[in-house]
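Working notes, beginning with the structure itself.
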Amino acid sequence: SLKCILIMNRQGNLIYFPLYHSFLFSHGLFFVVMVIRWEEERYTDGSKWRFLEHKGPVFAPPYEPLPGNVKFYYDGKPMKLSALAEEVATFFAKMLDHEYTTKDIFRKNFFKDWRKEMTSEEKSKITDLNKCNFSEMNEYFKAQSEARKQMSKEEKQKIKEENERLLQEYGFCIMDNHKERIGNFRIEPPGLFRGRGDHPKMGMLKRRIRPEDIIINCSKDSKHPKPPPGTKWKEVRHDNKVTWLASWTENIQGSIKYIMLNPSSRIKGEKDWQKYETARRLKKCVDRIRNQYRDDWKSKEMRIRQRAVALYFIDKLALRAGNEKEEGETADTVGCCSLRVEHIKLYPKMDDQEYVVEFDFLGKDSIRYYNKIPVEKRVFKNLQLFLENKQPEDDLFDRLNTSILNKHLQELMDGLTAKVFRTYNASITLQQQLKELTSDDSIPAKILSYNRANRAVAILCNHQRAPPKTFEKSMQNLQTKIDEKQNQLSAARKQLKAAKADHKASHDEKSKKAVEVKRKAVQRIEEQLMKLQVQATDREENKQIALGTSKLNYLDPRISVAWCKKYGIPIEKIYNKTQREKFAWAIDMAEKDYEF
DNA sequence: ATGGAGACTTGACGTTAAAGCG
DNA sequence: CGCTTTAACGTCAAGTCTCCAT
């Protein structure tokens with residue numbers, strides 16, 4: 001469970017380095033001063049750090065006006081736009097190929113916000129978006145991106161180096177003696193807001209963020225970041241009860257955006273670890289809680305029965321809590337507590353099953369949740385009751401919201417909230433599935449089992465993805481490869497047979513060697529074929545399922561680390577570099593017998 | 001209770017860099 | 001080695017949950 005080492009560089013400065021930076025040893029420039037364990041540095045007073053120093057954010061590059069020959073046309077006539085109006089126009093022009101720009105709400109919102117940026121002459125002239133012709137601008141940007149692709153190696157290298165320099169200068173901060181990677185040190189550039197699903201605000205102008213909008217957070221005794229020449233920060237504060245380095249208010253929803261540390265940082269890692277520890281505590285008392293809510297289905301009080309049924313859904317189906325949302329501000333999506341009558345259908349009998357509930361609603365990111373499940377009679381009867389005398393658009397759980405539910409959960413277990421059930425059920429499912437599925441086969445087969453276990457979780461959590469545009473083609477390609485490999489295999493087998501016959505006839509050393517060579521070749525091709533087949537299966541099963549989210553947010557990484565250790569699978573096969581950095585704590589901690 | 005601000009996690013997706021292939 | 005394909009990475013929207021004022 002070693003976390004990091006304290007080292008001294010040639011200037012005599014002490015620096016903490018996470019253990020995965022161990023390549024530094026090879027330079028031989030450092031002295032190890034001290035070894036720090038994971039557990040040894042948490043504050044108990046609610047403060048998140050003692051020292052915080054950073055360089056501030058990187059701003060979006062300023063607008064570059066279009067060259068004179070690229071024109072905007074209104075009502076068929078060329079028209080030179082003021083810089084501000086032109087900039088906003090380019091945002092739209094860049095998206096011309098996108099479906100968004102055909103949507104009514106998008107166009108309406110865009111046009112309204114665009115007009116706000118126009119001069120009064122422009123405003124009086126440009127009154128109809130349908131008369132605007134952005135196609136020349138669109139062509140220009142397409143040509144630009146084409147040119148970028150065609151750049152020479154040297155030019156590309158130069159850009160890469162510049163990015164690297166920016167990363168080195170602005171991408172890190174010092175928090176309590178650790179040099180930490182910042183997650184998002186670049187300020188979001190201006191553009192048109194693209195909401196997901198049927199978003200009422202799609203197309204609105206997301207305005208440019210200036211230094212005057214930024215609140216800087218750092219420690220008093222640090223070197224404060226300097227605003228760009230001629231500008232000022234909105235504020236510099238020293239709040240060590242929060243983890244962010246900078247923040248600003250975004251103009252679409254009026255919400256606050258933050259610059260925070262990378263998932264590999266101490267502060268994020270510890271929080272993540274804590275999250276899984278809470279889920280493990282739930283494991284210890286989940287039976288009690290389940291018995292409790294089953295009892296509550298019989299309660300005399302409506303609010304308690306609603307609470308109990310909702311909790312049952314959250315537990316069984318891994319639904320999200322479902323906070324209320326302000327109507328008209330966001331897309332119409334729901335979670336458990338905000339389910340409406342129109343989102344479920346009850347079937348006393350369906351095929352050979354009794355008491356079936358059909359769910360059909362849009363969840364987070366407007367991803368559809370569709371599921372039919374048989375439930376217990378009591379739940380079914382309760383649901384019928386909840387639906388009585390209600391309109392489709394009425395709340396299913398009218399006596400419940402997330403705050404009531406979470407207050408109840410808090411009483412059942414310290415730190416328990418609705419989302420802990422998702423974490424708990426995801427992690428426990430992975431552990432069970434790994435136990436069930438892991439074969440004593442080859443490494444690729446084991447990894448397929450792992451992916452299948454991961455997939456079971458992704459299905460539980462409804463993590464979907466649009467099938468990749470190139471999916472069909474890439475499946476075909478893979479199939480072609482498999483066919484070829486099969487041909488190769490039969491050819492190799494024939495050759496082996498021939499070699500064997502040859503050896504039988506001559507019994508000399510040379511032919512014996514030839515048999516061995518052919519045998520190895522067959523074996524090698526068999527392995528390659530198997531690998532390809534496994535790959536094809538994996539990919540087909542994964543067509544509409546996204547594994548990433550559950551892997552990154554719901555699965556206790558120690559389960560995976562332990563599994564790797566137990567079966568001798570290199571951790572690199574399961575976690576890529578970024579993931580290994582994020583889960584460094586788990587990789588250090590977990591042994592092969594770890595139990596979630 | 002209710003509402004809103006604030007902080008932080010979770011989520012899908014587009015772009016880019018790296019892997020894989022002939 | 002140069003091209004294509006794939007996975008990693010970054011982006012930023014959209015959730016959850018806490019806290020505090022009313």
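Order of the sequence lines sets the chain letters (A, B, ...), proteins ahead of strands, with each chain counted from 1. The shown structure was predicted, so the numbers you read here are calculated from the model rather than taken from an experiment.
In this structure, A:Lys160 places its NZ atom 13 Å from P of C:dG10, rounding to the nearest Å. In this structure, NZ of A:Lys275 is placed 14 Å from C1' of C:dC17, rounded to the nearest angstrom. To the nearest angstrom, P of C:dC17 lies 11 Å from CZ of A:Arg320. Distance CD (A:Glu324) to C1' (C:dC17): 13 Å, rounded to an integer number of Å. Rounded to an integer number of Å, the gap from CG of A:Leu409 to P of C:dT16 is 14 Å. As a whole-Å value, the separation of A:Asn553 CG from C:dA14 P is 17 Å. Whole-Å rounding puts the A:Lys573 NZ to C:dA7 C1' distance at 14 Å. In this structure, CZ of A:Arg422 is placed 12 Å from P of C:dG15, rounded to the nearest angstrom.
Residues forming a side chain to side chain donor-acceptor pair (under 3.5 Å) with A:Arg181 (at least two apart in sequence, or on another chain): none. With sequence neighbours excluded, the residues that form a ring-ring contact (aromatic ring centres under 6.0 Å, His included) with A:His463 are A:Tyr554. Looking at residues two or more places apart in sequence or on another chain, you find no ring-ring contact (aromatic ring centres under 6.0 Å, His included) involving A:Phe596. In this structure A:Glu53 satisfies the salt bridge (Lys or Arg N to Asp or Glu O under 4.0 Å) test with no other residue, sequence neighbours excluded. A search for side chain to side chain donor-acceptor pair (under 3.5 Å) contacts involving A:Glu188 returns A:Lys206, A:Lys257, not counting sequence neighbours. Applying the salt bridge (Lys or Arg N to Asp or Glu O under 4.0 Å) test to A:Glu277 and every residue at least two apart in sequence or in another chain returns A:Arg280, A:Arg558. A:Phe134 pairs by the ring-ring contact (aromatic ring centres under 6.0 Å, His included) definition with A:Phe72, A:Phe92, A:Trp114, not counting sequence neighbours.
Counting heavy-atom neighbours within 6.0 Å of A:Gln168 CD, excluding the residue itself, gives a total above 12. More than 12 heavy atoms of other residues, nucleotides or ligands shown are found within 6.0 angstrom of NZ on A:Lys283. Other residues, nucleotides and ligands contribute more than 12 heavy atoms inside 6.0 Å of the CG atom of A:Asp360.
For A:Phe193 and A:His199, the ring centers sit closer than 6.0 Å to each other.
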Pairs under 3.5 angstrom, nitrogen or oxygen only, protein versus nucleotides 2-6 of chain C, please.
{"from": "C:dT6", "atom 1": "OP1", "to": "A:Arg539", "atom 2": "NH1", "distance (Å)": "3.3"}

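Counting any heavy atom pair closer than 4.0 Å across all strands shown, A:Lys407 reaches no nucleic acid atom. Residue-level contact check: A:Arg368 touches neither bases nor backbone, having no heavy atom under 4.0 Å from any strand. Residue A:Lys419 is in sugar-phosphate contact alone, with no base atom involved, counting any heavy-atom pair closer than 4.0 Å across all strands shown. At the heavy-atom level, A:Lys48 lies under 4.0 Å from the strands shown only through sugar-phosphate atoms. A:Gly322 comes within 4.0 angstrom of sugar-phosphate atoms only, judged by non-hydrogen atoms across all strands, and of no base. Among the heavy atoms of the strands, none lies under 4.0 Å from A:Pro263.
Checking A:Gly415 against A:Gly363, the closest nucleotide of DNA chain C that is more toward the 5' end is the one next to A:Gly363. DNA chain B is contacted by both A:His98 and A:Lys364; A:Lys364 maps to the nucleotide lying nearer its 5′ end (nearest heavy atom per residue).
Salt-bridge annotation for A:Arg165 and A:Glu169: present, with a side-chain N of the basic residue lying under 4.0 Å from a carboxylate O of the acidic one.
Between the side chains of A:Arg455 and A:Asn542, at least one donor N or O sits under 3.5 Å from an acceptor N or O.
Listed by first and then second residue, the salt bridge (charged side-chain N to carboxylate O under 4.0 Å, His left out) pairs involving residues 92-103 of chain A are A:Asp97-A:Lys142 (not counting sequence neighbours).
Annotation: proximity of residues 190-199 of chain A to DNA chain C (heavy atom, distance under 4.0 Å) is found for A:Phe193, A:Arg194, A:Gly195, A:Arg196, A:His199, numbered in ascending order. Residues from residues 242-259 of chain A with heavy atoms under 4.0 angstrom of DNA chain C, sorted by number: A:Gln253, A:Lys257.
Contact check, A:Asn323 against C:dT16: a side-chain N or O comes under 4.0 Å of OP1 or OP2.
Close approach of DNA chain B to chain A, defined as any atom under 4.0 Å from a non-hydrogen atom of the protein, starts and stops at B:dG6 to B:dC21.
Among the nucleotides C:dC12, C:dC17, C:dG10, the one closest to the side chain of A:Ala418 is C:dC17.
Considering only heavy atoms from C-beta on, A:Trp49 stays 4.5 Å or farther from A:Thr243 through its side chain.
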